[in-house]
Amino acid sequence: MTDMTLATWTAAARDIQIEGRAFINGQYTDALSGETRPTYNPATGQLIAEVASCSPEDADIAVKYARDAFESGVWSNMPPSERKMVLVRWAELIEVYAEELALLETLDVGKPISDTLGIDAPAAARTIRWSGEAIDKVYEQIAPTPGGSLGLITRLPLGVVAAIVPWNFPLSTTAWKIAPSLATGNSVIVKPASNTPLTAIRIAELASEAGLPDGVLQVLPGPGGSLGKHLSTHMDIDGLTFTGSTPVGKMLMEYSGQSNLKRTFLELGGKSPNIIFADANLEKAATMAAMAVFFNGGQTCTAGTRLIVQDSIHDEFVAMVIEKTKSWVPGNPLDPDTALGPMVDQGQFNTVASYVAVGLSEGATLAYGGKQVMTNTGGFYHEPTIFTGVNNQMRIAQEEIFGPVMSVIKFSDAEEAVQIANDSIFGLAGAVWSENINTALKVAEKVRVGTMGINNYFGGDMTVPFGGFKQSGNGRDKSMHAFDDYTELKTTWIEFE
Ligand code: NAD
């Protein structure tokens, strides 16, 4: 691990060279219009870089390169064992440049450097290596047909895939999209979130250095409403993979229907239940209940923002969670000791502040935090915040806040816990804590979410799929199941005598 300190990271931040151009057909390129958009450091509010603001015209050029690359077979027909080697080399380069990538991500998103270096950069490398190493171990199928016939079931890449990603985990979410889509032979165009484009731009160059042919991976920074919409309605893009908010995800489904029915897979928002039974290991559950909400400043789709606590231990457990929350002190994200950085920008900060006001107006009790802090830095810091006395009908229990705000709700028995957990438009993640395996399994089985933890929160690795039920989306990232989203199933029926 690194021996970097706040002083050395700060010096590195001063010296870092930042590339803000789009990456099109293997080269850094300005937007055709010459337009740029500033990107700011959430910890200081200061400008980090001007970034190309690509338009639909840039997208059309990139789509043509992507299509040409796909049709040429330079990547799509490359033997899987060779595609594997390129992806593995790319993962190695991401590891070589992990400190630079972590620093870029921290400057762009405000995530603590200990997270970007310890979690995001290694996760990106791991995802790309895993998908690369898996792809030459995938066998096709032969159907159980009658004699004299042979039914081959094969998978083919979709063709050109657009990946539209959010700002909260730019590096790792981008890797979750591009690793399986590239491994399966597609050409991919990434549109990062407008406010956090820097690491996507940099890793595209590393992919090229690893041997990925030109046009196979391109990165176009630019606005969602014009560039993102253009990609989503494009007639020559075959697949769209998206991580972001539920309202935008719904629009993308419509865009697919209005254009060419491109395969559209969505990873959307959440309001995840974290259910604590009286017989849980309360010490561990309290530590993780705080982590489940305050990690990444609550800007996490799977955040356990609804803490659902059995009434017999409610007061005792809330006191324990408040004690644990005291270690989530907002601080400079370049300090390796900081666990909680700023909100990503003024807009997100305002959203959080407005929901704190909503919670108060709905009659919830502000048990901890609730205020802006470190105002002298120019950054968008908000205290970790806990509301008690919440009922599940309140807006702070139903709507995704995407900030460090926990809503504590009481339940009396397992049936009520499940009912509250499922009373949500979302179904992304959740957890249940109980030392009784029957209680834990029964509740876990009934909660309608894509990922459920038993006696852990945020559990999981590359071997398991990730995605949502209900309005948290469709499709799956991670694991071999992700390959399904980026391939078409094809039947070839053969008859012989
Ligand atoms: P967002 O939906 O506002 O933006 C996501 C991306 O979509 C950005 O790149 C944006 O530019 C683009 N976009 C916006 N409008 C568009 C349009 N009309 N057409 C095409 N593209 C458009 O989301 P966000 O604020 O960047 O991210 C936060 C959201 O992402 C939260 O809801 C969070 O829960 C969700 N998220 C989900 C997961 C998951 O895996 N389920 C993971 C991380 C974040």
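One-based numbering along the sequence shown. Values below: every heavy atom of this structure, side chains too, minus hydrogens, waters and symmetry copies. Whatever order the structure lists ligands and atoms in, that order sets their numbers, starting from 1. Owing to the predicted nature of the structure, the values given are computational and were not obtained by experimental measurement.
- Here Pro192 has backbone heavy atoms under 4.0 Å from ligand 1, and that is the only part of it that gets that close.
- Looking only at heavy atoms of the protein, atom 25 (O) of ligand 1 is closest to Trp167 NE1, 2.8 Å.
- Note that Arg155 lies outside the cation-pi zone of Phe483, set by a 6.0 Å cut-off to the ring centre and a 45° limit from the axis.
- In this structure, atom 4 (O) of ligand 1 has no protein heavy-atom contact shorter than 4.0 Å.
- Checked against a 6.0 Å centroid threshold, the rings of Trp176 and Phe169 do not count as neighbours.
- Separation of atoms CZ (Arg83) and CG (Leu212) is listed at 11.0 Å; rounding is to 0.5 Å.
- Close contacts of ligand 1 with Asn168, meaning ligand atoms under 4.0 Å from a residue heavy atom, involve 43 (C), 44 (C).
- Under a 4.0 Å criterion applied to the non-hydrogen atoms of Leu252, ligand 1 contributes the atoms 19 (N), 20 (C).
- Against a heavy-atom cut-off of under 4.0 Å, Leu428 is close to the following atoms of ligand 1: 41 (N).
- Contact annotation: for Thr300 versus ligand 1, there are no heavy atoms closer than 4.0 Å.
- Side-chain polar atoms of Glu57 and Ser55 form a donor-acceptor pair below 3.5 angstrom.
- Scanning all protein heavy atoms for the shortest distance to atom 18 (N) of ligand 1 gives Tyr255 OH, 3.4 Å.
- Heavy atoms of Leu231 found under 4.0 angstrom from ligand 1: none, in either backbone or side chain.
- Taking a cut-off of under 4.0 Å to the non-hydrogen atoms of Val248, the atoms of ligand 1 that pass are 2 (O), 13 (N), 14 (C), 15 (N), 16 (C), 22 (C).
- Ligand-side atoms of ligand 1 in range of Lys229: 19 (N), 20 (C), range being under 4.0 angstrom from any heavy atom.
- The two residues Cys54 and Pro223 come nearest to each other via the heavy atoms O-CD, 3.7 Å.
- For atom 12 (C) of ligand 1, the closest non-hydrogen atom on the protein side is Ile164 CG2, 3.6 Å.
- Summarising the geometry, atom CG belonging to Asp461 is positioned 6.0 Å from atom NZ belonging to Lys478; distances are rounded to the nearest 0.5 Å.
- Atom 20 (C) of ligand 1 has its closest protein heavy atom at Gly228 C, 3.2 Å.
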| field | Derivation of the side-chain hydrogen bond (donor to acceptor under 3.5 Å, both in side chains) call for Gln299 and Lys111 | value | CA-CA 10 Å; Gln299 303 168 123; Lys111 291 164 96 74; over 6 Å; no

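- Counting heavy atoms closer than 4.0 Å to ligand 1, residue Glu400 contributes side-chain atoms (C-beta onward) but none from N, CA, C or O.
- Taking only nitrogen or oxygen atoms, main chain and side chain alike, Leu268 reaches within less than 3.5 Å of ligand 1.
- Below 4.0 Å from some heavy atom of Phe242 lie the following atoms of ligand 1, by number and element: 2 (O), 5 (C), 6 (C), 7 (O).
- With rounding to the nearest 0.5 Å, the separation of CD1 in Ile18 from CG in Leu107 is 6.0 Å.
- Counting protein heavy atoms only, atom 9 (O) of ligand 1 is closest to Val165 O, 2.8 Å.
- Between Lys64 and Asp60, no side-chain nitrogen of the basic residue sits less than 4.0 Å from a carboxylate oxygen of the acidic one, so the salt-bridge criterion is not met.
- In this structure, the protein non-hydrogen atom closest to atom 42 (C) of ligand 1 is Cys301 SG, 2.9 Å.
- Given atom 2 (O) of ligand 1, the protein heavy atom at minimum distance is Ser245 OG, 2.6 Å.
- Counting the atoms of ligand 1 from 1 in the order shown, those under 4.0 Å from a heavy atom of Thr243 are 5 (C), 36 (N), 37 (C), 38 (C), 39 (C), 40 (O), 42 (C), 43 (C), 44 (C).
- The number of heavy-atom neighbours closer than 6.0 Å to CD of Gln419, taken from other residues, nucleotides and ligands shown, is above 12.
- Summarising the geometry of Pro166 relative to Thr196, their closest heavy-atom pair is O-OG1, 4.0 Å, with the distance given to 0.1 Å.
- Residues Arg21 and Glu19 are paired through a salt bridge, judged by an N-O separation under 4.0 Å between the basic side chain and the carboxylate.
- Across Gly224, Pro247, Pro221, heavy-atom proximity to atom 17 (C) of ligand 1 is greatest for Gly224.
- For atom 35 (C) of ligand 1, the nearest non-hydrogen atom from the set Gly450, Gly244, Gly269 comes from Gly244.
- Scanning all protein heavy atoms for the shortest distance to atom 10 (C) of ligand 1 gives Lys191 NZ, 3.9 Å.
- In this pair, Tyr28 and Phe23 present their aromatic rings perpendicular. The plane angle is above 60°, beyond the 30 to 60° band.
- With a 4.0 Å cut-off on non-hydrogen atoms, Phe466 touches ligand 1 through its side chain and not its backbone.
- The existence of a salt bridge linking Asp238 and Arg67 is confirmed by a sub-4.0 Å separation between a basic side-chain nitrogen and an acidic carboxylate oxygen.
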